[in-house]
Amino acid sequence: ERVVERTQQFWSKNSKFIVYAVTALVLLVAGWFAYDKYFRQPNELKANESIWRAEQYFRIDSFRLALNGDGANAGFLRVISRYGSTKAGNNAKFYAGVCYLHLGDFNNAVKQLKDFSTSEPLVNLKAHGALGDAYSELGKNAEAIQEYRKAGTSFPDDEVNSPEFLFRAAALSEKTGKTNDAIELYKMVKDKYPLSQRGFEVDKYLAKLGVFE
């Protein structure tokens, strides 16, 4: 009886709040499903349909057409503008950044690549590497070294790209007078990727810095 009485008292005091909270939750869930069905999914489909031609231009190194489109087909920039919140729109930022890098527009390359994100290890590696290249071209050496290091350590199983970006980080560290950092990075290439092309070359760079192993 006491439990029932307390329950009744609780309900009488809080019934309005409970009803409002449940109603708000139901509306929130219903709103999410409506958004997903009537907005997100159609936009994903439209974005995928829009990006395919730009990807074809990218594969044949037609970077201006890939960026701006050909009149009949959208380029990456239009896909980003219209569908930037979609998965295809996010991927377009990576492609656009690399296009700008090849075209020598390094500021826009940085802008697009910084806005891009992915959970795909190899693409993430390449994005950090491309960002490192853009910063290096802009003379922003500290930022470039940071991005090269991220690229070289984010996906250790890649025995081609990882040692290459570690080497670039080492070479740029050496160039800017950060000798200890350069030695550390050169040794990382030597120890982790001894059978890579950079792994075969790295001893002469270490020797130039007075390290003989």
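- When hydrophobic clusters are built by joining Ile, Leu, Val, Met, Phe, Trp and Tyr residues whose side-chain heavy atoms come closer than 4.5 Å, directly or via intermediates, L172 is not grouped with F106.
- Remark: side-chain polar atoms of S162 are paired, donor with acceptor, to backbone N or O of F155 under 3.5 angstrom.
- Annotation: Y57 is not in aromatic contact with F63 [ring centroid separation under 6.0 Å not met].
- Counting only heavy atoms from C-beta outward, the side chains of T176 and I145 approach each other to under 4.5 Å.
- Taking the six-membered ring for Trp and thresholds of 30 and 60 degrees, F58 and Y95 have ring planes more than 60 degrees apart, a perpendicular arrangement.
- When the ring-ring contact (aromatic ring centres under 6.0 Å, His included) test is applied to Y135, no partner is found at least two apart in sequence or on another chain.
- One distance of note links CD of E184 with NZ of K178; it measures 12.0 Å at 0.5 Å rounding.
- Under the 4.5 Å side-chain contact rule for hydrophobic residues, I51 and L67 share a cluster.
- Smallest separation of non-hydrogen atoms from A182 and A170: CB-O, 3.5 Å.
- Across all their heavy atoms, S173 and L185 have their closest contact at OG-CD1, 3.8 Å.
- No hydrogens or angles considered: nothing links the side chains of Q146 and R149 as a donor-acceptor pair under 3.5 Å.
- For the atom pair CD1 (I80) and CZ (R78), the distance works out to 12.5 Å, reported to the nearest 0.5 Å.
- Taking the charged nitrogens against the carboxylate oxygens, E201 and R198 do have a contact shorter than 4.0 Å, which makes a salt bridge.
- No continuous path of ILVMFWY side-chain contacts below 4.5 Å connects W52 to L65, so the two sit in separate hydrophobic clusters.
- Not one N or O on the side chain of S136 forms a donor-acceptor pair closer than 3.5 Å with the backbone of G132.
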Problem set entry | Step-by-step side-chain contact (heavy atoms from CB on, under 4.5 Å) determination, N141 to K175 | CA-CA 9 Å; N141 295 323; K175 179 182 176 181; 5.7 Å; no
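- The shortest non-hydrogen separation linking V189 to P163 is CG2-O, 3.9 Å.
- Contact record, V160 with D158: N-OD1, 2.9 Å, taken as the closest heavy-atom pair.
- When all heavy atoms are compared, the tightest approach of Y193 to G152 is OH-O, 4.3 Å.
- Closest of all the heavy-atom pairs between V79 and S50 is CG2-CB, 3.9 Å.
- Two residues are said to be in side-chain contact when any heavy atoms from C-beta on lie closer than 4.5 Å; L77 and Q112 meet this criterion.
- One distance of note links NZ of K93 with OG1 of T118; it measures 12.5 Å at 0.5 Å rounding.
- Atom-to-atom distance recorded for N107:CG and L138:CG is 5.0 Å, nearest 0.5 angstrom.
- Between F116 atom CZ and N124 atom CG the span is 7.5 Å, to the nearest 0.5 Å.
- Considering CD of E174 and CG of L209, their distance stands at 4.5 Å, rounded to 0.5 Å.
- A donor-acceptor pair under 3.5 Å is formed between the side chain of N90 and the backbone N or O of S117.
- Donor-acceptor pairing under 3.5 Å is recorded for the side chains of D133 and Y148.
- Using a 4.5 Å cut-off on side-chain heavy atoms (C-beta onward), Q56 and I60 make no contact.
- Between D61 and H102, the closest side-chain pair of non-hydrogen atoms is not below 4.5 Å.
- Under a hydrophobic clustering in which Ile, Leu, Val, Met, Phe, Trp and Tyr are joined whenever their side-chain heavy atoms come within less than 4.5 Å, directly or via other members, F167 and L125 fall into different clusters.
- Connection of F76 to L113 is established within a shared hydrophobic cluster, with ILVMFWY side chains joined at heavy-atom distances below 4.5 Å, either directly or through further cluster members.
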